[in-house]
Colleague: 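Please see the structure below; I have some questions.
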Amino acid sequence: MSSSHPSSRSLGYGRVSTVGQNLERQLDSLKQAGCSRIFSDTGSGAKADRPGITALRDHVRPGDTVMVTSLDRLGRSMSGILGLIHEFAEEDVSVETLDGLSTDPRKPGGKILLAVTAAMAEVERDLIIERTNAGLKSARARGRIGGRKPRLTPSQEQAVLSLVDGGQQSLTAIADDFNISRSTLYRILTRHRDKSDPGPAQRGTGV
């Protein structure tokens, strides 16, 4: 890292989607890469249900590097991954993978990777909103909108979760985009959290 951050650290993060997957392999690789501290999660819930990533976000400081075995370990959706990368970038924290990808603007390709991920995040967010609005417009044309707000389809719920993971819109804005109440949005998040929650004994913590 740059000399402007003499006390910069390498912090690791590992994640598996299910209890049966091998988290230890990721943790061992991150230790071998020289990470001073490693955070981890088991499960594929929304950002609020990932204590490891929450602790990491609270722990990083300007000049740090977050190390992962691959970018997909940062989240379950592209919007979530890209949103997290840019959240770190705004705090002068770079993300690096063990195979050489880096968002550090001082390293070869770092600025390009940041620019590309920013563009991808914007395109994906716009596409999700466009698809959702098209679906709502079609439903209104068939007379299905009105009175009690409708229940979302599974694909719409996945779009909601992707936007929440991305962290670039408020929950109120997401609820408005999908024509649902905040209480309905909270029920969706709670239901998916309960499905993916492996229980207190299995949740990832800082190592």
Side-chain angles (χ1 to χ4, degrees), residues 13-19 21 23 39-60 66 71-88 90-91 117 120-206:
Y13 177 71
R15 181 185 67 86
V16 292
S17 299
T18 64
V19 177
Q21 293 179 323
L23 179 61
F39 301 82
S40 63
D41 283 308
T42 298
S44 57
K47 187 184 298 183
D49 305 315
R50 294 161 56 192
I53 201 69
T54 299
L56 173 62
R57 292 165 65 221
D58 291 340
H59 192 73
V60 294
V66 173
L71 288 180
D72 64 352
R73 296 303 87 201
L74 288 174
R76 64 176 184 178
S77 70
M78 182 61 72
S79 60
I81 294 169
L82 299 177
L84 192 55
I85 286 175
H86 282 273
E87 178 182 325
F88 284 140
E90 289 176 355
E91 299 176 12
T117 55
M120 290 174 63
E122 184 174 355
V123 168
E124 182 175 14
R125 185 169 62 252
D126 289 347
L127 285 174
I128 289 173
I129 293 173
E130 181 180 346
R131 287 195 299 265
T132 301
N133 288 339
L136 292 173
K137 183 177 180 180
S138 176
R140 289 189 184 97
R142 295 193 302 270
R144 295 187 181 181
I145 302 296
R148 185 175 180 180
K149 292 185 176 180
R151 178 175 179 174
L152 299 184
T153 65
S155 61
Q156 288 174 326
E157 290 194 2
Q158 288 302 317
V160 166
L161 295 171
S162 293
L163 289 172
V164 171
D165 274 351
Q168 297 179 4
Q169 285 184 265
S170 68
L171 295 182
T172 298
I174 294 173
D176 288 345
D177 283 340
F178 284 82
N179 194 36
I180 58 175
S181 65
R182 281 177 62 95
S183 60
T184 298
L185 177 56
Y186 284 127
R187 283 196 295 272
I188 292 171
L189 296 177
T190 299
R191 183 167 66 254
H192 283 268
R193 178 195 63 199
D194 292 342
K195 287 180 180 178
S196 61
D197 190 351
Q202 301 291 344
R203 285 180 178 167
T205 56

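Numbering starts at 1 and runs along the sequence shown. These figures come from a predicted structure and were not determined experimentally.
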Colleague: Rounded to the nearest 0.5 Å, how far apart are CG of Leu74 and CZ of Arg50?
Modeller: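 Spacing of CG (Leu74) from CZ (Arg50) equals 7.5 Å.
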Colleague: Are any non-hydrogen side-chain atoms of Leu189 and Leu161 less than 4.5 angstrom apart?
Modeller: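 SC-SC contact between Leu189 and Leu161 confirmed.
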Colleague: Would a 4.5 Å heavy-atom cut-off, applied to side chains only, mark Val164 and Ile188 as touching?
Modeller: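 In short, these two side chains do not touch, never coming nearer than 4.5 Å.
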Colleague: Indicate the atoms forming the closest heavy-atom contact of Ala175 with Arg182, along with that distance.
Modeller: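 Minimum heavy-atom contact is CB-N, 4.2 Å.
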Colleague: Taking the side chain as everything from C-beta on, heavy atoms only, tell me whether Phe39 gets closer than 4.5 Å to Thr54.
Modeller: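 Not in contact.
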Colleague: Between Leu84 and Arg57, which heavy-atom pair has the shortest distance, and what is it?
Modeller: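 Smallest heavy-atom distance, with atoms named: CD1-CD, 3.9 Å.
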Colleague: Look up atom OG1 in Thr42 and atom CG in Leu23, then write down how far apart they are to the nearest 0.5 Å.
Modeller: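 Between Thr42 OG1 and Leu23 CG, I get 5.0 Å after rounding to 0.5 Å.
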Colleague: Determine, stepwise, if the pair Arg187 / Thr190 fulfils side-chain hydrogen bond (donor to acceptor under 3.5 Å, both in side chains).
Modeller: CA-CA 5 Å; Arg187 283 196 295 272; Thr190 299; over 6 Å; no
Colleague: Does any N or O in the side chain of Arg73 come within less than 3.5 Å of the main-chain N or O of Gly14, such that one atom is a donor and the other an acceptor?
Modeller: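 A pair under 3.5 Å: no.
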Colleague: Is the shortest heavy-atom distance from the side chain of Ile85 to the side chain of Leu71 under 4.5 Å?
Modeller: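 Yes, their side chains come closer than 4.5 Å.
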Colleague: Atom CG in Leu163, atom CD in Gln158: separation rounded to 0.5 Å?
Modeller: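 Leu163 atom CG to Gln158 atom CD measures 11.5 Å (nearest 0.5 Å).
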Colleague: Indicate the atoms forming the closest heavy-atom contact of Ile53 with Asp41, along with that distance.
Modeller: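 Shortest heavy-atom contact: N-OD2, 2.9 Å.
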